[in-house]
Amino acid sequence: MAATSITCFIRYQIDPFQREAFRRYAEVWGRIIPRCGGELLGYFLPHEGSNDIAWGLIGFDSLAAYERYRAVLRSDAEGRANFEMAQAQRFILREERTWLEDVAGTRNQPRQVAP
């Protein structure tokens, strides 16, 4: 039986006056997450509408794969430094995690018509 793919959907409430600090934080995760075993689907900053909500999406083959990722992440110096920087600068006001089951055949589908 194939492993169920899951996505960790992270909702951040950010300080809208420190938007660029969150951008830098997210960009650093772009190196760390894949190195530690997660599939980074992306970080997203507010564009229109609410100016204080951002998102991060990270995919895993299973909860066991997520647990392996967490163990590797704990020993990653750049990951610890990024967490510590976020805490020191206080640009993340709240963070919520939701686990979603991927619907087969709906992720990473190529565009069929040019925009």
- Task: Over 60° means perpendicular and under 30° means parallel, so classify the ring planes of Tyr12 and Tyr25, tilted if in between.
- Result: perpendicular
If you round to the nearest 0.5 Å, how far is [atom2] of [Y] from [atom1] of [X]?
{"X": "Glu101", "Y": "Ser5", "atom1": "CD", "atom2": "OG", "answer": "9.0 Å"}
{"X": "Gln87", "Y": "Met85", "atom1": "CD", "atom2": "CE", "answer": "10.5 Å"}
{"X": "Ile33", "Y": "Leu73", "atom1": "CD1", "atom2": "CG", "answer": "8.0 Å"}
{"X": "Leu63", "Y": "Arg68", "atom1": "CG", "atom2": "CZ", "answer": "10.5 Å"}
{"X": "Cys8", "Y": "Tyr66", "atom1": "SG", "atom2": "OH", "answer": "5.5 Å"}
{"X": "Arg24", "Y": "Trp29", "atom1": "CZ", "atom2": "CH2", "answer": "15.5 Å"}

State whether the side chain of [X] and the backbone N or O of [Y] hold a donor-acceptor pair below 3.5 Å, judged by distance alone.
{"X": "Gln18", "Y": "Gln89", "value": "yes"}
{"X": "Asp15", "Y": "Phe17", "value": "yes"}
{"X": "Gln109", "Y": "Gly105", "value": "yes"}

| message | Would a single hydrophobic cluster contain both Ile6 and Val72, if residues Ile, Leu, Val, Met, Phe, Trp and Tyr are joined by side-chain heavy-atom contacts under 4.5 Å? | response | no
- Message: Would a single hydrophobic cluster contain both Leu93 and Leu45, if residues Ile, Leu, Val, Met, Phe, Trp and Tyr are joined by side-chain heavy-atom contacts under 4.5 Å?
- Response: no
Going by chain and number, the hydrophobic cluster around Leu57 (ILVMFWY, side chain to side chain under 4.5 Å) further includes Phe9, Leu41, Phe44, Ile53, Trp55, Leu100
Ion pair [X]/[Y], N-O distance below 4.0 Å:
{"X": "Glu20", "Y": "Arg23", "value": "yes"}
{"X": "Arg31", "Y": "Glu78", "value": "yes"}
{"X": "Asp76", "Y": "Arg35", "value": "yes"}

Would you call Arg11 and Thr98 a side-chain contact if the rule is heavy atoms closer than 4.5 Å?
no
Correct closest heavy-atom pair for Asp52 and Pro46 would be N-CG, 4.3 Å
For Phe91 and Ala21 the tightest heavy-atom approach is CD2-CB, 3.6 Å
| message | Go through it in stages, so that I can follow the logic: the residues are Trp99 and Thr7, the test is side-chain contact (heavy atoms from CB on, under 4.5 Å), and I'd like the CA-CA distance, side-chain angles, deciding distance and then a yes or no. | response | CA-CA 6 Å; Trp99 288 94; Thr7 299; over 6 Å; no
Those residues at least two apart in sequence (or on a different chain) that pass side chain to side chain donor-acceptor pair (under 3.5 Å) with Arg94 are Glu96
